[in-house]
Amino acid sequence: LVLGYCSLLPRLRGLLQRCWGRLEPRLLPGFPAGQSPPWGPALAVQAPALLPEPGGDTRERNEAPSFWDSILWMAAPKKRRTIEVNRCRRRNPNKLIKIKRNIDVCPECGNLKQKHVLCGYCYTKVKAETRLIRLEMGKKEGGPFNTPTVETVVLYEGEKPTGKDEGKRIIERARKRPSWFVQN
Amino acid sequence: LCWFLAGGAWARSLLGWARPERWLASSSLFPLACVHTRTSRQKSGTWEKKNRIVYPPQLPGEPRRPAEIYHCRREIKYSRDKMWYLAKLIKGMSIDQALAQLEFNDKKGAKVIKEVLLEAQEMAVRNHNVEFKSNLHIAESLTGRGRYMKRIRYHGKGMFGIMNINRCHYFVKLVEGPPPPPEPPRTGFDQAKEYVQQLRSRTLINTL
């Protein structure tokens with residue numbers, strides 16, 4: 001009897017090991033038979049039995065998806081746009097320059113002007129004269145911050161200051177009065 | 001480069017703008033220098049040659065042939081595609097209308113084309129026997145590609161791209177007379193008529 005009992009033990013051990021091998025995957029389906037299950041302290045509340053892999057996930061989340069990974073999801077042209085398609089887009093009427101219908105003739109100088117804009121030629125004429133008047137004013141003042149607190153009157157050749165110009169600063173310009181600069 | 005440029009041609013190609021054969025009196029040193037007096041890239045433009053054609057005198061009964069003036073400007077520092085929009089704008093207009101439109105256009109090419117049109121107008125009155133300078137209209141206006149230069153455009157991270165410095169030519173043909181009326185747009189009715197005409201003109205081939 002003792003001999004029979006001694007020869008049965010290793011067979012029993014083998015049988016038990018095989019049964020445990022078959023049961024293990026069914027008890028914890030998340031782990032294949034080779035790994036050891038985490039028989040750590042279990043929660044009293046129903047919680048997922050699988051614990052998160054320690055340290056492995058956090059490493060992945062810290063790195064941003066690199067450029068060479070994200071190019072797989074970027075928009076890219078599939079086919080070359082033919083010249084016919086390109087022409088249709090470039091020559092579409094909404095891309096052509098529209099004809100301007102608001103161009104008129106300036107009654108003063110005869111140049112072209114847009115209806116809602118001052119005539120360019122007349123504006124440059126007035127600007128040049130204004131610049132010369134300002135130079136005269138600068139010469140009279142002599143330096144910065146010397147602007148007098150009275151009005152200014154511009155007098156051209158052959159003009160005398162009238163009674164209304166009492167107490168005003170007079171700027172002399174050595175030329176004939178231009179036709180567009182009306183005297184008060 | 002010198003070994004395959006023959007004779008005095010290598011001296012000319014070094015300084016394309018200087019013409020040593022003109023300095024010397026009557027080509028004494030370079031006897032064959034007068035044959036081709038341009039560098040390889042300065043092709044004689046076909047557009048400039050068009051002004052030189054002379055028609056035979058017209059017969060008394062023929063309608064008067066309107067004067068045609070060809071003018072162009074080469075190697076304008078502007079893009080050919082951008083210039084095309086301006087050329088398309090003034091196609092078929094009278095010269096006064098074209099000048100008005102170009103004056104109030106904000107593009108860089110508008111100023112260039114305006115100068116070209118004024119030059120052509122002056123040429124017409126002086127050399128081509130045009131009576132009224134306003135009596136001209138633009139029959140053709142084209143753009144062409146000039147010589148491009150390639151340069152490096154530096155991007156970040158040590159990347160680079162090769163960019164083109166674009167230049168273009170502009171060609172214009174002025175014709176004397178009022179501008180032709182614009183042709184009416186093709187309606188559906190016209191298309192249908194043409195289709196019916198096509199169907200009616202079908203015949204059987206290789207039969208009696």
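The structure presented is a predicted model; accordingly, all values stated were derived computationally and were not measured. Chain identifiers are assigned alphabetically (A, B, ...) following the order of the sequence lines, protein sequences preceding nucleic acid strands; residue numbering begins at 1 within each chain.
Of the two parts of Leu86(B), the backbone and the side chain both hold a non-hydrogen atom closer than 4.5 Å to a non-hydrogen atom of chain A. Both the backbone and the side chain of Ile99(A) come within contact range of chain B, with heavy atoms under 4.5 Å apart.
Across every non-hydrogen atom of Ala87(B) and Ile113(B), the tightest pair is N-CD1, 4.5 Å.
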Extract the chain B to chain A donor-acceptor pairs under 3.5 Å, no hydrogen or angle test applied.
unit_1: Tyr85(B); atom_1: OH; unit_2: Arg90(A); atom_2: O; d: 2.8
unit_1: Gln101(B); atom_1: OE1; unit_2: Lys100(A); atom_2: N; d: 2.9
unit_1: Gln101(B); atom_1: NE2; unit_2: Lys100(A); atom_2: O; d: 2.9
unit_1: Phe104(B); atom_1: O; unit_2: Lys100(A); atom_2: NZ; d: 2.7

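Taking the six-membered ring for Trp and thresholds of 30 and 60 degrees, Tyr70(B) and Trp47(B) have ring planes more than 60 degrees apart, a perpendicular arrangement.
Using a 4.0 Å cut-off between a side-chain N of Lys or Arg and a carboxylate O of Asp or Glu, Arg64(B) and Glu176(B) do not qualify as a salt bridge.
A salt bridge (charged side-chain N to carboxylate O under 4.0 Å, His left out) check over residues 162-172 of chain B, counting only residues at least two apart or in different chains, returns the pairs Glu75(B)-Arg167(B).
With sequence neighbours left out, Phe132(B) forms a side-chain contact (heavy atoms from CB on, under 4.5 Å) with Asn135(B). By the side chain to side chain donor-acceptor pair (under 3.5 Å) test, Asn164(B) is found to be paired with no residue, residues two or more places apart in sequence or in another chain being considered.
Looking at His128(B), its side chain never comes within 3.5 Å of a backbone N or O of Glu68(B) through a donor-acceptor pair.
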